[in-house]
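In what follows, every chain begins at residue 1, and chains take the letters A, B, ... in the order their sequences are listed.
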Amino acid sequence: MSARRVILRCAALAAALAVPLAFGQGSTVDEIAKYRAALQDGNPAELWEARGEGLWKTPRGPKAATLEKCDLGRGPGIVKGAYAELPRWFADAGRVMDLETRLVWCMVALQGFTEADATKAPFGAGNDKKSDIEALVAYVSSESRGVPMNVSLAGPKEQEAYRLGQKMFYFRGGTHDFSCATCHGEDGKRIRLQDLPNLTTTAGARKAYTTWPAYRVSQGELRTFQWRLNDCFRQQRFPELIYGSDASIALTMFLARNANGAPFDAPAIKR
Amino acid sequence: MRRPALLACVIAALAATGIVVGCASAPSDAETQAAATAMLKASFKPRGQAGLDRLDQDETQKLCSEYAGKTLPKDVAARIERANLETIRWPADGTLVGDWKAGEKIAQEGRGMQYSDDPKLPAGANCYACHQLSPQELSYGTIGPSLYRFGKTRGYTDEMRKYAYGKVWNADAYSACTNMPRFGHKGILTEQQVKDVAALLMDPQSPVNK
Amino acid sequence: MPDPMKIRANVAGDWTEIKVLMSHEMETGQRKDAAGKVIPAWFIQNVAVTHNGRTVLSAQWGPAVAKNPFIAFKFKGGAKGDKVVVTWQDNRGEKRTDEATIG
Amino acid sequence: MTDRRLALDALRRTVVKAGGGAALAWALAAAGVLRAGHVSAQAWNKAIFETHGFDATLKALGIAKPPASKDVAFVSTPDIAENGAVVPIGVASALPNTESIAILIENNPNMIAAVFDIPPGTEPAISTRVKMGETSNVYALVKADGKYYLAAKEIKVTLGGCGG
């Protein structure tokens, strides 16, 4: 029925025209703002947050351990405010990590999962293929709501990740010559009717970064920042970004650091 | 996630090729660029029609990445435009515009060249993602300029038809480091498709010119 | 087993406001999977909300209710500390009941 | 009290057809007779959820075309939905003795999306979210004091972003 048609249209895009002539651009934009506002009250991301909290506190894996001793950077078990300080350097892992790579690391180190198991299905697909990581990210990130972003570049590896992430942002490639900057390098632009944040400015990076993870109504799923990057590169016509790869973390570092100072405001809800 | 040693490898590789990486000082821009490129190649995997070769930059992509966010020097811009102009394959039959109705469909179609797309299906150009064209379509983007009344305002001349075709085939030939893909040059669109898009812009009967 | 609901129940003056989020696919039965096979319909059909054993809202739904359904409404007579109970049942006969305390 | 409500009106017919039992349990639960959580049966009026188009739907409900009422209003309902998979709909009735509120989407394959029964003491206003396959008229069908009333609104469905 409707959902199928919605998806077909999504895929084909061609049908995007359901708005008749009488509607001016101004009112279209206003009405879509109203639509987005109406969604704010009652965000299904809360369902993921609740499931994630359960997963965090339940003994799991070969070692039957909880994640309550997982050190997200502020000390073992401290979840409050952790997301607002990530990515960061972790000496025990010898690597700069974002939340998702850190969660995988904890699932391996504390719970005894293999890395392959922990990263098997990072992006959920419906009730039969729920992602534990998406739920954990929803929970952990929700514990930073209202906390100002405070990503540190104190260490050399953190600085390096930031520099490489910046380069990556401007890297043009693929069949379409797209880089991140193609769509996210200027103020006030949009693709179709979708507003594009200018991620090269503090204001743009803040607005974008602090509203991920988010419940995507188009997918009915809670999506993380790794997913956001993965899907951007798909649309950039690049090959697939490897989950938790160095490039994914470097780019996250670049964007998260640029958002410093802004209160974190997710999980959010988006189209 | 098994790549904590990657950056170290990159640095080692750079050192091996004779680039000295200072320990205390920040690396040069070129060194960072090289490290970023190496990191990128290790961070993607081939999927569907998108192989790792898509990360191999051609000269235009390399220069446009290097100068992104900076002013593009005039001589570099001229070099890029010249090189890209030479790539344009003009139609053997001399006809530069095709069917605007087919062009409208191509302008609406967002699929093509993504690893999630069926490579057997023709790719679209998704012009509306970035441009206003036919006034009936209100869901258009603003990354590129409005092309509404493209032919009507510029005149239905041979020169403009040639420009429309050439621009769709290889936009960098006319504007170095533009955001616009090089649809013909990169094999996204066929010659006929480029003609059809040109028709959408240049046919007096096209809704774009109404 | 279905995931728990998220229920908010807050009293302000005479009115108690209830907001419920349910974890459910709400599959329409008209979509196809990647292999072209129809994905069977799977959706919540009945919902009931009770306060102190009295029904304050009941509903019948079709598959056009959005995935991970949300409802919000108000009723009179709730007091801080009272329990509100929400139950749903879907077309597979699966059921979920959760409760919340009015705050 | 149960027969005052739209869904239950229709439900009774199902109950009769199905021979009672299970369906009745839900009806009773909905009416607050059984304790919540003790409902094991399923009662759902299949007939009213399988109609397409306005006339067929009214017929399934067993009613004539109701008059439009200014006392039935859409609240917090946008004119344009950025994505048809989730369309917020709010309906409020100012009619005395409102008994039920139904949401109907004309161009969906099945027109009735949801029926809410409003017992005394519950505000006749409900917010929820529906799916829409395409731009369509959306109706709020309210039963109050035994009579039906209607409000209509067109909601346009568009899609943004790159697509695909």
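- A donor-acceptor distance shorter than 3.5 angstrom exists from the side chain of D/Thr128 to the backbone of C/Phe70, with no hydrogens or angles considered.
- Within the model, atoms CG of C/Leu57 and CD1 of D/Ile126 stand 4.5 Å from one another, a figure rounded to the nearest 0.5 Å.
- Here C/Ile71 contributes atom CD1 and D/Arg129 contributes atom CZ; the two are 11.5 Å apart, rounded to the nearest 0.5 Å.
- Of all the heavy atoms in C/Met26 and D/Lys131, the pair that sits closest is O-NZ, 2.6 Å.
- When the side-chain contact (heavy atoms from CB on, under 4.5 Å) test is applied to D/Glu106, the partners found at least two apart in sequence or on another chain are D/Phe54, D/Met111, D/Ser136, D/Asn137, D/Tyr139.
- When the ring-ring contact (aromatic ring centres under 6.0 Å, His included) test is applied to C/His51, the partners found at least two apart in sequence or on another chain are C/Phe75.
- The OG1 atom of D/Thr122 sits 10.5 Å away from the NZ atom of C/Lys76 when rounded to the nearest 0.5 Å.
- By number of non-hydrogen pairs under 4.5 angstrom with chain D, the leading residue of C/Val56, C/Asn68, C/Asp98 is C/Val56.
- Counting all heavy atoms, side chain and backbone alike, C/Ala66 lies closest to D/Ala85 at CB-O, 3.5 Å.
- In terms of heavy atoms, D/Ala114 sits closest to C/Trp61 at CB-CD1, 3.5 Å.
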Inset, instruction - For side chain to side chain contact (heavy atoms under 4.5 Å, CB included), just list the numbers for D/Phe116 and C/Val47, CA-CA rounded to whole Å, side-chain angles, deciding distance to a tenth of an Å, and then say yes or no. - result: CA-CA 9 Å; D/Phe116 296 91; C/Val47 179; over 6 Å; no
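- D/Pro120 and C/Arg54 make their closest contact through O-NH1, 3.1 Å (heavy atoms, listed as atom of the first residue, atom of the second, distance).
- Residues D/Pro119 and C/Thr55 come closest through the heavy atom pair CG-O, 3.3 Å.
- Heavy-atom proximity under 4.5 angstrom to chain D picks out C/Trp15 from residues 5-21 of chain C.
- One distance of note links CD of C/Gln60 with CZ of D/Phe49; it measures 5.0 Å at 0.5 Å rounding.
- Remark: D/Trp44 CH2 to C/Asn91 CG distance equals 7.5 Å, nearest 0.5 Å.
- Side chain of C/Lys74 to backbone of D/Ala125: no donor-acceptor contact under 3.5 angstrom is found.
- Checked by atom type and distance alone, the side chain of C/Asn46 pairs as donor or acceptor with a backbone atom of D/Ala43 at under 3.5 Å.
- Evaluation of the side chain to side chain donor-acceptor pair (under 3.5 Å) rule for C/Lys80 yields no partner, not counting sequence neighbours.
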